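For reference, the structure discussed in these notes is given below.
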Amino acid sequence: QVQLVESGGGLVQLGGSLRLSCTASGRTFSSYAMGWFRQAPGKEREFVVAVSKSGSSTYYADSVKGRFTMSRDNARNTLFLQMNSLKPEDTAVYYCAAKMIVFSASRDIAYTATKDYDYWGQGTQVTVSS
């Protein structure tokens, strides 16, 4: 069991930057694979970036590659998403998610599907204006 709280969203102009954070309570991040997803009004929730349990594997959606960077601070139980060169199409509610990894024999991979995840935060709004 883990509780996730996102923060750091806001309103920025095209080309601006934001840093989102996701703080967990319960178990440490080392027990989970983690991901960021986003959902625009009337749209399906889509994958942004994910990291494996160990942190050794990270996978970015093509739409954000080169602009967004995810990092983890296991000591603070915090996940970050640095977003640069923002575009209006990045406007969405951003969610962090956690997937339990309980078996040592499990593959150390990043998961990209919403159905893979067990826990979700409440979301934080990001709006990019032109």
Side-chain angles (χ1 to χ4, degrees):
Q1 183 78 359
V2 63
Q3 295 78 47
L4 306 173
V5 179
E6 302 97 333
S7 63
L11 174 65
V12 297
Q13 292 187 348
L14 185 153
S17 298
L18 284 173
R19 190 179 78 158
L20 307 183
S21 63
C22 172
T23 300
S25 61
R27 295 186 177 182
T28 64
F29 277 14
S30 64
S31 299
Y32 299 90
M34 303 293 297
W36 284 98
F37 293 77
R38 65 188 183 186
Q39 187 168 21
K43 303 292 185 179
E44 294 292 314
R45 190 167 298 184
E46 69 173 349
F47 166 75
V48 176
V49 61
V51 63
S52 64
K53 177 185 176 181
S54 73
S56 64
S57 298
T58 304
Y59 186 79
Y60 292 86
D62 288 342
S63 60
V64 305
K65 192 176 299 181
R67 300 187 298 120
F68 291 11
T69 303
M70 182 171 64
S71 59
R72 297 173 62 160
D73 186 340
N74 287 338
R76 299 179 181 178
N77 286 334
T78 302
L79 186 73
F80 299 98
L81 183 65
Q82 179 67 46
M83 306 186 296
N84 299 323
S85 301
L86 284 163
K87 307 173 182 178
E89 51 262 47
D90 295 318
T91 296
V93 176
Y94 283 70
Y95 299 88
C96 66
K99 175 180 176 60
M100 288 190 301
I101 306 294
V102 297
F103 299 111
S104 61
S106 297
R107 292 174 295 165
D108 187 36
I109 61 174
Y111 296 86
T112 62
T114 58
K115 63 184 179 182
D116 291 327
Y117 288 86
D118 303 296
Y119 305 101
W120 295 84
Q122 85 289 349
T124 185
Q125 177 72 48
V126 172
T127 303
V128 185
S129 65
S130 59

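Below, all heavy atoms of this structure are taken into account, side chains as well, without hydrogens, waters or symmetry copies. All values derive from a computational prediction rather than experimental measurement.
- In this structure, OG on Ser31 lies 6.0 Å from NZ on Lys53, to the nearest 0.5 angstrom.
- Taken from CG in Leu81 to OH in Tyr94, the straight-line distance is 7.5 Å, to the nearest 0.5 Å.
- Note on Val49 and Val51: same hydrophobic cluster, where clusters join Ile, Leu, Val, Met, Phe, Trp and Tyr whose side-chain heavy atoms are under 4.5 Å apart, directly or indirectly.
- The two residues Gln122 and Tyr95 make their nearest non-hydrogen contact at O-CE2, 3.6 Å.
- Of the charged side-chain nitrogens involved, none lies within less than 4.0 Å of a carboxylate oxygen, so that Asp90 and Lys87 do not count as a salt-bridged pair.
- Note on Phe47 and Met83: separate hydrophobic clusters, where clusters join Ile, Leu, Val, Met, Phe, Trp and Tyr whose side-chain heavy atoms are under 4.5 Å apart, directly or indirectly.
- In this structure, Tyr32 and Met100 have side chains that are in contact, with non-hydrogen atoms separated by less than 4.5 Å.
- No side-chain heavy atom of Ser7 sits under 4.5 Å from any side-chain heavy atom of Thr124.
- Between Leu4 and Ala24, the shortest heavy-atom distance links the atoms CD2-CB, 3.7 Å.
- In this structure, Lys43 places its NZ atom where only 12 or fewer heavy-atom neighbours from other residues, nucleotides or ligands lie under 6.0 Å away.
- Panel note: side chain Glu6, backbone Gly123; a donor-acceptor pair is recorded below 3.5 Å.
- Side-chain contact between Asn77 and Ser25 is absent, with no heavy atoms from C-beta onward closer than 4.5 Å.
- Formation of a donor-acceptor pair under 3.5 Å by the Lys99 side chain with backbone atoms of Asp116 is found in this model.
- A chain of hydrophobic side-chain contacts below 4.5 Å, direct or via other Ile, Leu, Val, Met, Phe, Trp or Tyr residues, connects Val102 to Tyr119.
- With a 6.0 Å radius and a threshold of 12 heavy atoms from other residues, nucleotides or ligands, Tyr59 has its OH atom at or below the threshold.
- Nearest approach of Thr58 to Tyr60, heavy atoms of both residues: CG2-CE1, 3.5 Å.
- In Glu89, the CD atom is crowded: over 12 heavy atoms of neighbouring residues, nucleotides or ligands sit closer than 6.0 Å.
- Arg72 approaches Gly55 most closely through the heavy-atom pair NH1-N, 4.3 Å.
- Rounded to the nearest 0.5 Å, atoms CG (Asp73) and OG (Ser21) are 11.0 Å apart.
- Not one N or O on the side chain of Ser57 forms a donor-acceptor pair closer than 3.5 Å with the backbone of Ser52.
- Atom CZ of Arg19 sits about 7.0 Å away from atom OG of Ser71, to the nearest 0.5 Å.
- Across every non-hydrogen atom of Arg76 and Thr78, the tightest pair is O-OG1, 2.9 Å.
- Leu86 has its side chain within reach of Phe68: a pair of non-hydrogen atoms, C-beta onward, lies under 4.5 Å apart.
- Looking only at side-chain heavy atoms (C-beta outward), Gln39 and Thr114 stay at 4.5 Å or farther from each other.
- Inter-residue side-chain proximity for Arg45 and Trp120 is flagged as met; some heavy-atom pair is nearer than 4.5 Å.
- Phe37 is not connected to Val64 by any chain of hydrophobic side-chain contacts under 4.5 Å among Ile, Leu, Val, Met, Phe, Trp and Tyr, and they are in different clusters.
- No side-chain donor-acceptor contact under 3.5 Å links Gln82 and Thr69.
- Across every non-hydrogen atom of Ala92 and Gln125, the tightest pair is O-NE2, 3.4 Å.
- Side chains of Arg38 and Glu46 form a contact here, defined as non-hydrogen atoms less than 4.5 Å apart.
- By the criterion of side-chain heavy atoms lying less than 4.5 angstrom apart, applied directly or through intervening Ile, Leu, Val, Met, Phe, Trp or Tyr residues, Phe80 is not grouped with Val93; the two fall into different hydrophobic clusters.
- Ring geometry for Tyr111 against Tyr117 counts as perpendicular: the plane angle is over 60°, on a 0 to 90° scale with 30° as the lower cut.
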